[in-house]
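Taking it in order: structure first as structure tokens, then the write-up.
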Amino acid sequence: NVTINSGTLTVSARAISVEINSATSIYGNDIATLTFNQTPVEGSLYDDDKLVDIIALTTDAQNGDGVGSYAINWDYVEGMQNYYDVAISNSSDLATLYKITPATITASISDKIGDDAYTYTGLSQFISAIEDRQAITADSVDGANDTTVTWQFSTDDRTYSDSVELKNAGTYTVYYKVSDPDGNHNDASGSFTVTIGKATLNVTVTGSTTYGENAPSDANYEIGVGENELQGTDRIQSIGLEAGTTFTISHSYEAGDNA
């Protein structure tokens, strides 16, 4: 006689170890696809099972989030916890495994030289030198429209401030740095050239003598500069001339001249 006894067959979940790959995206871009390191798991899965059908990955990072580190999270695809017992080999890294890195800024200010040169006015022409020639682009939509970037300027590439003095006649190399106070873009830098030409100053020399008489070779003449010829806050004294003072000037002309 054969006696058949009831028994219990226990099917346990298949144990697998999974490494989750780090992921990176540039600020302003879409969140990157999250992936596993498939190699260590190959041969551990049953039949044609795929990791993407067993566990699902998400990240705390969202589109528009700023530069920083974010967690990558995992969970079983519904029902798969009955078939697989998953251990994450790099679980201690998951809290900071996703990185959003700074976007790149490209900033430029075109030169102002040659026919476009400025003329000395006695005042700093810094504002005129950068307006309408200041441009910024970035490799993210947010960055291209980011009005919070900070511009700083220098004429020695060492000490930077919000502006520099471009007053006296000459050619200036102006250095600039552009930064994002939020840290979502890398700094940009460069330089541009500004030329300020000399202003025209008309000096009037006057003297007196009697018609028909020779003027002495060292006649006294008065030098005058019209105030409307001076620029900005300049005064006659500041350029080495003093109105109303007489100067000895070597000059001669023949009798009969009407001058």
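Keep in mind that the numbers below use all heavy atoms, side chains included, and drop hydrogens, waters and symmetry copies. Only a predicted model underlies this, so the values are computations on that prediction, with no experimental measurement involved.
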(request) Indicate yes or no for a side-chain donor-acceptor contact from Asp75 to the backbone of Ala56 under 3.5 Å, with no hydrogens or angles considered. (result) no
(message) Under 4.5 Å between side-chain heavy atoms, counting indirect links through other Ile/Leu/Val/Met/Phe/Trp/Tyr residues: same cluster for Leu166 and Tyr175 or not?
(response) no
(request) Of all the heavy-atom pairs spanning Ser179 and Pro181, show the shortest one and how long it is. (result) O-CD, 3.6 Å
(message) To the closest 0.5 Å, what do you measure between OG1 (Thr193) and CD1 (Ile109)?
(response) 11.5 Å
(request) Please check if atom CG in Asp47 has more than 12 non-hydrogen atoms from other residues, nucleotides or ligands closer than 6.0 Å. (result) yes
(message) I need the Ile31 CD1 to Asp65 CG distance, nearest 0.5 Å.
(response) 6.5 Å
(message) I need the minimum non-hydrogen distance between Gly183 and Val67, along with the two atoms involved.
(response) O-CG2, 3.5 Å
(message) Please check this pair: side chain of Gln125 against backbone of Thr119, looking for a donor-acceptor N/O pair closer than 3.5 Å.
(response) yes
(message) Does anything in residues 57-88 form a ring-ring contact (aromatic ring centres under 6.0 Å, His included)? List the pairs, not counting sequence neighbours.
(response) Trp74-Tyr76
(request) Would you mind listing every side chain to side chain donor-acceptor pair (under 3.5 Å) that reaches into residues 154-165, with sequence neighbours excluded? (result) Ser154-Asp156, Asp157-Tyr160
(request) Sequence neighbours left out, what passes side chain to side chain contact (heavy atoms under 4.5 Å, CB included) with Lys198? Give chain and number order. (result) Ala169
(request) Determine whether Asn73 and Thr58 make a side-chain contact, defined as any pair of heavy atoms from C-beta on separated by less than 4.5 Å. (result) yes
(request) Please check if the side chain of Asp180 supplies one atom and the backbone of Asp182 the other of a donor-acceptor pair under 3.5 Å. (result) yes
(request) Enter the distance from Ile26:CD1 to Thr104:OG1 here, rounded to the nearest 0.5 Å. (result) 6.5 Å
(request) Please round to the nearest 0.5 Å and tell me the distance separating atom CG of Asn29 and atom CD1 of Ile100. (result) 10.0 Å
(request) Starting at NZ of Lys99, measure out to OG1 of Thr24 and round the result to the nearest 0.5 Å. (result) 7.0 Å
Listing, residues 11-21 side-chain donor-acceptor contacts under 3.5 Å, not counting sequence neighbours, or none:
| residue | atom | partner | partner atom | Å |
| --- | --- | --- | --- | --- |
| Arg14 | NH1 | Ser44 | O | 3.3 |
| Glu19 | OE1 | Asn37 | ND2 | 2.8 |
| Asn21 | ND2 | Thr35 | OG1 | 3.0 |
| Asn21 | ND2 | Phe36 | O | 2.8 |

(message) For Leu34, is there any backbone N or O sitting under 3.5 Å from a side-chain donor or acceptor partner on Tyr98?
(response) no
(request) Show your working on side chain to side chain contact (heavy atoms under 4.5 Å, CB included) between Val164 and Tyr172 and close with a plain yes or no. (result) CA-CA 10 Å; Val164 294; Tyr172 299 85; over 6 Å; no
(message) Are Asp187 and Lys177 packed together at the side-chain level, in the sense that at least one heavy-atom pair is separated by less than 4.5 angstrom?
(response) no
(request) Quick one: pull up CG in Leu57 and CG in Leu94 and give me the separation to the nearest 0.5 Å. (result) 9.0 Å
(message) So which atom in Leu45 and which in Leu51 form the shortest heavy-atom distance, rounded to 0.1 Å?
(response) CD1-N, 3.9 Å
(request) Find out whether Tyr27 and Pro102 are in side-chain contact, i.e. whether some heavy atom of one side chain is under 4.5 Å from a heavy atom of the other. (result) no
(request) Can you sort out the partners of Ser22 under side chain to side chain contact (heavy atoms under 4.5 Å, CB included), two or more places apart, ordered by chain and number? (result) Leu97
(request) Tell me, please, which residues at least two apart from Tyr176 pass ring-ring contact (aromatic ring centres under 6.0 Å, His included). (result) Trp151
